Protein chains: 2
Amino acid sequence: MTTPQRETSDGTVGRTLAVLDLVAEFGRPVRFAEILPKAGLPKATLYRFLQTLARQDMLAFDDSRQTYAPGMRLVRLAHSAWAQSSLAPVAQDVMDHLARDIGQTIHLAQLDNGAVLYVDKRNARQPVEMFAQSGKVGPAYCTGVGKAMLAHLPEDRLAQAISRQSFHAHTDRTLTTPAALRDDLARIRERGYALDDEEHEVGIACIAAPILSGNGRVIGAISVTTTTDTTSRDQLLALAGPVKEAAAQIAAAADTWRFPEHKQA
Amino acid sequence: MTTPQRETSDGTVGRTLAVLDLVAEFGRPVRFAEILPKAGLPKATLYRFLQTLARQDMLAFDDSRQTYAPGMRLVRLAHSAWAQSSLAPVAQDVMDHLARDIGQTIHLAQLDNGAVLYVDKRNARQPVEMFAQSGKVGPAYCTGVGKAMLAHLPEDRLAQAISRQSFHAHTDRTLTTPAALRDDLARIRERGYALDDEEHEVGIACIAAPILSGNGRVIGAISVTTTTDTTSRDQLLALAGPVKEAAAQIAAAADTWRFPEHKQA
DNA sequence: CCATTAGGTTCCAAATATTGAAACTCAGTT
DNA sequence: AACTGAGTTTCAATATTTGGAACCTAATGG
């Protein structure tokens with residue numbers, strides 16, 4: 001039906017998963033009473049949902065503190081998701097090479113509900129930061145990877161994505177209107193790369209390129225991040241080539257990619 | 001009702017999540033027909049479950065190939081889980097130090113349903129392997145971290161965990177009986193560290209220490225992995241000190257750990 | 001020290017969503 | 001043209017979910 005209501009979610013499963021999201025959003029262990037008002041569910045119902053999620057190990061309940069936090073089953077499942085549904089495994093080699101070649105922090109991201117979902121990363125120096133970065137979400141309208149992806153979205157999906165942006169002025173260079181953003185997106189399409197010139201964080205700039213599949217759909221983006229005090233704008237722009245090249249390689253790899261055969265006894 | 005059928009799991013949510021696990025276990029995109037026999041559910045029911053999961057972005061459905069794979073929402077959620085329910089954030093500094101000091105691959109793991117769940121890792125050299133390692137599960141009976149944790153489980157939970165082990169002889173040194181394992185666990189308790197001397201993979205040895213909370217419960221384990229052709233047994237044993245030390249530090253950090261305060265406008 | 005409240009938990013009849021056998025659709029075969 | 005296998009939809013029967021209200025505790029405070 002054309003009921004533009006919020007047909008929020010389907011069935012018990014949907015409602016329960018919404019609660020899971022809610023708990024995850026807190027970013028810290030939460031108590032029943034903190035969730036209740038935000039959930040908009042009757043006490044008894046929320047209670048049952050939390051119980052179920054906890055029994056299912058989707059949430060971990062801390063007896064002593066009486067708090068709920070996302071459970072380890074999610075980590076297990078996500079490993080699977082990351083390994084088979086993300087661009088990360090396919091892009092691994094390209095990421096390694098690019099990281100070695102230019103020695104800067106690089107990110108691999110995908111678009112997820114209008115937001116940027118980072119799926120892999122290489123740090124300039126440090127050993128890792130793992131998951132600490134993979135799985136993280138960020139805004140699309142003010143990051144290099146975000147804009148690179150938005151720029152190549154078909155109009156309907158773009159409109160939808162834009163409507164979900166919050167347009168918070170993180171810095172005084174942040175684009176804060178759909179119009180300004182659309183202008184930039186047009187430029188990005190022409191150049192083939194996106195710039196985030198301190199739009200998200202002061203002192204941080206990055207250059208990003210979209211990863212386009214054979215049929216022209218955006219399937220992700222890759223970016224190099226630098227600090228303005230160690231890297232000039234020209235130096236950053238000089239990276240456009242390598243970044244676009246890497247994006248193209250990942251795209252090619254993704255088109256070829258077939259799942260490695262598995263078999264278990 | 002008094003139909004003591006298979007009350008396998010709770011409600012629709014439980015049954016749906018079981019299907020999610022099932023899909024994840026395949027380790028590759030799967031088609032409806034492949035899932036059906038393993039699910040033990042009526043066609044229509046399985047179909048609805050998959051639909052729901054896909055709509056919820058817990059599964060990604062590939063239109064062209066008609067396959068289901070774990071979805072990106074899991075990656076988002078897992079980030080949250082990892083950041084707040086795992087030992088990883090607390091152990092970060094200790095991991096970094098240990099990695100720097102001994103320059104070998106180190107793992108941080110937790111026990112999850114009788115299996116080892118790796119939650120963090122530092123590679124000897126390479127930039128990363130990310131998620132590729134975090135979220136991975138492995139056997140408990142033949143890995144250093146696994147045995148270190150089993151050794152400190154209270155009897156009831158140990159018995160339960162042991163009953164879940166598959167005791168596959170990965171190498172000719174693998175302990176393949178509960179009795180042999182229990183012997184080793186006793187030794188581990190005495191020494192304070194566990195050894196995996198090519199029990200899981202030929203040419204790979206590791207030394208691991210349990211991470212015990214203030215009240216004596218195992219909350220995880222940490223290990224150093226080496227290859228037998230670059231490191232002698234004595235050299236490996238010499239790492240017992242640093243590993244135990246690191247474990248103790250993580251334990252201490254975990255006991256102190258309070259969640260950093262958050263607030264959003 | 002009892003009264004009061006706030007955070008949790010349990011009940012249970014009514015309302016609803018789930019169930020799954022069967023029928024159906026849409027390729028690809030034979 | 002009839003068949004087959006994979007995937008999708010239907011729909012009445014029925015098991016599940018629902019949530020208001022009662023019920024437990026600790027805590028809090030007067």
Side-chain angles (χ1 to χ4, degrees), chain A residues 1-3 5-23 25-26 28-71 258-259, chain B residues 1-23 26 28-71 258-259:
Chain A
M1 266 175 286
T2 42
T3 327
Q5 287 265 22
R6 48 173 58 200
E7 38 185 357
T8 324
S9 56
D10 39 1
T12 314
V13 177
R15 250 167 283 140
T16 305
L17 291 176
V19 170
L20 181 58
D21 271 348
L22 203 53
V23 173
E25 268 167 32
F26 275 90
R28 63 181 167 78
V30 272
R31 312 182 57 152
F32 182 92
E34 305 183 78
I35 309 170
L36 186 52
K38 296 218 176 192
L41 292 171
K43 227 186 349 173
T45 303
L46 176 63
Y47 182 71
R48 248 178 303 109
F49 283 179
L50 290 172
Q51 291 284 46
T52 304
L53 287 168
R55 249 198 319 276
Q56 292 290 329
D57 198 20
M58 299 293 278
L59 284 180
F61 181 68
D62 180 330
D63 267 311
S64 67
R65 290 170 211 259
Q66 296 201 143
T67 55
Y68 297 88
R258 283 292 105 83
F259 244 83
Chain B
M1 286 296 282
T2 42
T3 330
Q5 288 267 27
R6 50 175 61 196
E7 39 186 356
T8 322
S9 54
D10 40 0
T12 313
V13 177
R15 251 167 282 143
T16 306
L17 291 177
V19 169
L20 181 58
D21 270 349
L22 204 53
V23 174
F26 274 90
R28 63 182 166 78
V30 271
R31 310 182 60 137
F32 182 91
E34 304 183 78
I35 309 171
L36 186 51
K38 294 216 177 196
L41 291 171
K43 223 181 2 167
T45 303
L46 176 63
Y47 182 70
R48 248 177 302 109
F49 283 177
L50 290 172
Q51 292 283 50
T52 304
L53 287 168
R55 251 198 318 274
Q56 292 290 330
D57 198 21
M58 299 291 279
L59 283 180
F61 181 68
D62 179 332
D63 267 311
S64 67
R65 291 170 211 260
Q66 295 201 144
T67 57
Y68 298 87
R258 283 292 105 82
F259 245 83

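Every value quoted in this text rests on a predicted model; they were computed, and no experiment measured them.
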Problem - B/Leu20 vs B/Thr16 side-chain heavy atoms within contact, under 4.5 Å - result: no

Exercise for the section: Report the distance from atom CZ of A/Arg15 to atom C1' of D/dT18, rounded to the nearest whole Å. Expected result: 9 Å

Problem - Atom pair distance, as rounded to whole Å: CZ in A/Phe61 and P in C/dT9 - result: 6 Å

Practice task
Using atom CG of A/Leu46 as one end and atom C1' of C/dT10 as the other, report the distance to the nearest whole Å.
Solution key: 15 Å

Exercise for the section: Answer whether the closest heavy-atom distance between the side chains of A/Leu36 and A/Tyr47 falls below 4.5 Å. Expected result: no

Practice task
Check whether any side-chain nitrogen or oxygen of A/Thr45 sits under 4.0 Å from OP1 or OP2 of D/dG19, and answer yes or no.
Solution key: yes

Handout entry: Nearest-Å distance for atom pair CG/P, residues B/Asp63 and D/dT8
Key = 10 Å

Fill in the blank from the handout: note: A/Arg65, atom CZ; D/dA26, atom C1'; distance rounded to Å ~ 19 Å

Problem - Spacing of B/Ile35 atom CD1 relative to D/dG7 atom P, expressed in whole Å - result: 9 Å

Exercise for the section: Taking the side chain as every heavy atom from C-beta outward, state whether A/Phe61 and A/Gln51 have any pair of such atoms under 4.5 Å apart. Expected result: no

Exercise for the section: Please report the shortest heavy-atom distance between A/Leu46 and A/Ala39, naming the atom on each side. Expected result: CD1-CB, 4.1 Å

Handout entry: Under-4.0 Å side-chain N/O to phosphate OP1/OP2 contact, A/Gln66 with C/dG7
Key = no

Practice task
Tell me whether the OP1 or OP2 atom of C/dG8 has a side-chain N or O from A/Tyr47 closer than 4.0 Å.
Solution key: no

Practice task
Could you check how far CZ of A/Phe49 sits from P of D/dT16, rounded to whole Å?
Solution key: 16 Å

Problem - d(CZ, B/Phe32; C1', C/dC26) in whole Å - result: 16 Å

Handout entry: Student check: side-chain heavy atoms of B/Leu22 and B/Val30 closer than 4.5 Å
Key = no

Exercise for the section: Pick base, sugar-phosphate or nothing for B/Arg48, based on heavy-atom distances below 4.0 Å to the nucleic acid. Expected result: base

Practice task
Answer with base, sugar-phosphate or nothing: what part of the nucleic acid does A/Thr12 contact at a heavy-atom distance below 4.0 Å?
Solution key: sugar-phosphate

Handout entry: Polar pair under 3.5 Å, donor/acceptor by atom type, side chain A/Lys43, base D/dG20
Key = no

Handout entry: Closest-nucleotide ordering on DNA chain D, the 5'-leading residue of B/Arg31 and B/Val13
Key = B/Arg31

Practice task
Check every strand shown and say whether B/Ala33 touches a base, only sugar-phosphate, or nothing at a heavy-atom separation below 4.0 Å.
Solution key: sugar-phosphate

